[in-house]
Student: 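Provided herewith is a single structure, encoded as structure tokens, for subsequent inquiry.
Side-chain atoms are counted along with the backbone in the values below, which use heavy atoms only and exclude waters and symmetry mates.
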Amino acid sequence: MPMGHTATAEAGSGGLTATEHRLANGLRVVLSEDHLTPVAAVCLWYDVGSRHEVKGRTGLAHLFEHLMFQGSAQVKGNGHFELVQGAGGSLNGTTSFERTNYFETMPTHQLELALWLEADRMGSLLAALDDESMENQRDVVKNERRQRYDNVPYGTAFEKLTALAYPEGHPYHHTPIGSMADLDAATLEDARAFFRTYYAPNNAVLSVVGDIDPEQTLAWVEKYFGSIPGHDGKPAPRDGALPEIIGEELREIIEEEVPARALMAAYRLPEDGTRACDAVDLALTILGGGESSRLYNRLVRRDRTAVAAGFYLLRLAGAPSLGWFDVKTSGDVEVPVIETAVDEELARFAEEGPTAEEMERAQAQLEREWLDRLGTVAGRADELCRFAVLFGDPQLALTAVKRVLEVTPEEVQEVAKARLRPDNRAVLVYEPVAPEADDAETTDENEESAK
């Protein structure tokens, strides 16, 4: 049987607990009982994302996420979806810079099925991976890129800002979707090598949360995952460290068919897992987190120069996080008008810091968001995996709210003053252009995604 230990509820965890275990093959298992409703969530994080890809093979991690739904030794074709949904469950998978995850939420009595399915594809996907499934999912991912990135207004903005904010050759320079050229270049052997390198039990964390019997759940995990061999062939991810400040403003002007002018920016911010990252999360919430924020009040309500304004944090553990700023202008308002107002508000915030009321509101907002995630079995399973994979300790997920509430106004002001500066951002300016006559004809695409 697997070895493990039981955790008691820590202060600030809201009474939530989790137990940790490790199989002989290296698979880490995290369990959290919650008998409120008769459901169980299974979440499996593999420590591989787009930061692990090499030049010329971008998008491979995301492509492989799709391939994991194309069948395995005992489950043919679309069987994973059919079996889970036929049992009353839901499922999906996602890819980020830093991980790939797969998850199911099942009625409690169908938990064993979800564990068997995840183990079957972890242990035997290569038995079903062939040219047909590779071509099928390559086309699906290319269509996803067209529909969600290339053919929608502002669709490639994040990709462009990422490429500006992280220099050429940096592991975060490209986004998980990858390029069309690299998707076309990926071979079946590339996919097989990717699986052999990263899809091993000792490169994964499995969490099970909900109405479970821990002893029975561990027995099933051992039964289905215990015989899958681990391996030590995974290369270390490339170093994502960068100076705290970019050192200059990087700017690109985009002329495209978009509904309105837009100003977007990405600021280089502290890494996830640090107190400074929690502080900057509060700063961005005060400045641009919703309709009560400073920038929304200034640009949308008072000046009426924008129809939307937001400031969001993309937390990253292996590289500086990104503060994503997004404003769509109103009517014929020029971007420099918006930019001047934004810089005035950021400078005022750096000089004065947050008010007591703003701190209370921002902390309450982030607390609610954290509790919303931890309050569902699927959200808690995902957070337990995240802290286990990225920070080595799933228990940190249960005290994240406490850490946000401990941040002081002085810390929020300090990180804003140090980081939210013009010489620490990459900027995109969108200028609308009239559609060309040749573009009047459009074709309907009714591709069916595998997800």
Side-chain angles (χ1 to χ4, degrees), residues 11-12 14 244-245 262-316 320-330 333 337-375 383 399-425 427:
E244 290 187 354
I245 301 296
L263 172 66
M264 302 183 190
Y267 289 79
R268 188 178 290 178
L269 299 177
E271 290 84 355
D272 194 11
T274 63
R275 192 175 175 99
C277 190
D278 289 334
V280 84
D281 202 353
L282 287 163
L284 300 195
T285 301
I286 293 167
L287 288 165
E291 296 184 4
S292 63
S293 66
R294 290 195 181 195
L295 290 170
Y296 191 93
N297 276 321
R298 169 73 185 270
L299 300 172
V300 180
R301 285 205 172 106
R302 196 192 89 180
D303 297 352
R304 298 186 178 181
T305 53
V307 295
F311 216 162
Y312 319 100
L313 177 64
L314 174 63
R315 288 175 175 262
L316 296 170
S321 301
L322 281 186
W324 165 274
F325 175 68
D326 187 351
V327 175
K328 305 298 191 305
T329 66
S330 175
V333 173
V337 174
I338 297 285
E339 200 161 9
T340 298
V342 169
D343 285 342
E344 286 176 1
E345 291 300 322
L346 294 185
R348 185 164 68 89
F349 188 75
E351 180 65 28
E352 301 173 0
T355 66
E357 181 185 354
E358 286 175 327
M359 277 294 293
E360 182 179 3
R361 186 167 59 242
Q363 286 178 316
Q365 184 173 330
L366 292 184
E367 180 182 26
R368 186 190 71 247
E369 291 171 4
W370 268 109
L371 294 177
D372 283 347
R373 287 198 290 275
L374 296 179
E383 291 297 338
T399 55
V401 173
K402 177 174 178 286
R403 293 191 295 277
V404 170
L405 298 179
E406 288 174 345
V407 175
T408 67
E410 292 75 20
E411 289 173 298
V412 173
Q413 180 181 6
E414 179 184 2
V415 75
K417 189 173 185 177
R419 298 297 190 100
L420 302 181
R421 318 172 355 186
D423 65 345
N424 188 37
R425 67 188 178 199
V427 176

Student: Between Arg304 and Ser330 (side chain of the first, backbone of the second, donor and acceptor by atom type, cut-off under 3.5 Å), is there such a pair?
Tutor: no

Student: Examine distances only and state if a side-chain atom of Thr399 and a backbone atom of Lys402 form a donor-acceptor pair shorter than 3.5 Å.
Tutor: no

Student: State, to 0.1 Å, how close Asp281 and Thr285 come at their nearest heavy-atom pair, and which atoms those are.
Tutor: O-OG1, 2.7 Å

Student: Work out which heavy atom in Glu367 is nearest to a heavy atom in Val401; give both atom names and the distance.
Tutor: CG-CG1, 3.5 Å

Student: Going by heavy atoms in the side chains, are Trp324 and Leu284 under 4.5 Å from each other?
Tutor: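 When only atoms from C-beta onward are counted, Leu284 and Trp324 do not touch, as no gap falls below 4.5 Å.
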
Student: Looking at Ser321 and Pro270, what are the two nearest heavy atoms and their distance?
Tutor: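 Residues Ser321 and Pro270, closest heavy atoms: OG-O, 2.8 Å.
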
Student: Can you establish whether the number of heavy atoms outside Gln365 located under 6.0 Å from its atom CD is more than 12?
Tutor: yes

Student: Look at the side chain of Asn424 and the backbone N and O of Arg268, then say whether any donor-acceptor pair between them is shorter than 3.5 Å.
Tutor: yes

Student: Answer whether the closest heavy-atom distance between the side chains of Phe325 and Leu346 falls below 4.5 Å.
Tutor: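 Counting from C-beta outward, Phe325 and Leu346 never come under 4.5 Å.
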
Student: Hey, does Leu313 have a side-chain heavy atom less than 4.5 Å from the side chain of Leu269?
Tutor: yes

Student: Nearest 0.5 Å, what's the CG-CG distance between Leu322 and Leu316?
Tutor: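 Atom-to-atom, Leu322:CG and Leu316:CG are 6.0 Å apart.
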
Student: How many angstroms lie between atom CZ of Phe349 and atom OG1 of Thr355, to the nearest 0.5 angstrom?
Tutor: 8.5 Å

Student: On a heavy-atom basis, which atom in Asn297 and which in Ser292 lie closest, and how many Å separate them?
Tutor: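 Here Asn297 and Ser292 meet closest at ND2-O, 3.3 Å.
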
Student: Looking at CG of Leu366 and CG of Leu282, how far apart are the two atoms once the value is rounded to the nearest 0.5 Å?
Tutor: 5.0 Å

Student: Name all residues meeting the salt bridge (charged side-chain N to carboxylate O under 4.0 Å, His left out) criterion together with Asp272; count only those two or more places apart in sequence or in a different chain, and write none if there are none.
Tutor: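 With sequence neighbours excluded, Asp272 shows a salt bridge (charged side-chain N to carboxylate O under 4.0 Å, His left out) to Arg315, Arg386, given in chain and number order.
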
Student: Listed by chain and number, what are the salt bridge (charged side-chain N to carboxylate O under 4.0 Å, His left out) partners of Arg298, not counting sequence neighbours?
Tutor: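 Per chain and number, Arg298 pairs via salt bridge (charged side-chain N to carboxylate O under 4.0 Å, His left out) with Asp303, Glu344, Glu345.
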
Student: Less than 4.0 angstrom from a charged side-chain N to a carboxylate O is my criterion; do Asp343 and Arg425 meet it?
Tutor: yes

Student: Side chains of Val415 and Leu420: does their closest heavy-atom pair fall under 4.5 Å?
Tutor: no

Student: Quick check: closest heavy atoms across Lys328 and Ala262, and the distance to 0.1 Å?
Tutor: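 Looks like CD-CB, 3.7 Å.
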
Student: Identify the two heavy atoms, one from Trp370 and one from Glu383, that lie closest to each other, and give their separation to 0.1 Å.
Tutor: CZ3-OE1, 3.6 Å

Student: Measure from the side-chain N and O atoms of Glu411 to the backbone N and O of Asp278, and report whether any donor-acceptor pair falls under 3.5 Å.
Tutor: no

Student: Can you check whether Leu405's main-chain N or O pairs, donor with acceptor, with Gln363's side chain at less than 3.5 Å?
Tutor: yes

Student: Which distance, rounded to the nearest 0.5 Å, do you find between the CD of Glu244 and the CZ of Arg419?
Tutor: 4.0 Å

Student: To the nearest 0.5 angstrom, please state how far the CD1 atom of Ile286 sits from the CZ atom of Arg361.
Tutor: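 CZ of Arg361 is found 8.0 Å from CD1 of Ile286.
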
Student: With a 3.5 Å distance limit and no angle check, can you tell me whether Asp326 reaches the backbone of Gly310 through a side-chain donor-acceptor pair?
Tutor: no

Student: Can you tell me how far apart CZ (Arg302) and CZ (Arg294) are? Round to the nearest 0.5 Å.
Tutor: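 Reported value, rounded in 0.5 Å steps: 12.5 Å.
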
Student: Counting only heavy atoms from other residues, nucleotides and ligands, does the tally under 6.0 Å from CD of Glu406 exceed 12?
Tutor: yes

Student: Side chains of Thr274 and Glu271: donor-acceptor distance under 3.5 Å anywhere?
Tutor: no

Student: Using modelled atom types only, decide if a donor and an acceptor are shared between the side chain of Gln413 and the backbone of Glu351 within a distance under 3.5 Å.
Tutor: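 Looks like yes, one N/O pair under 3.5 Å.
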
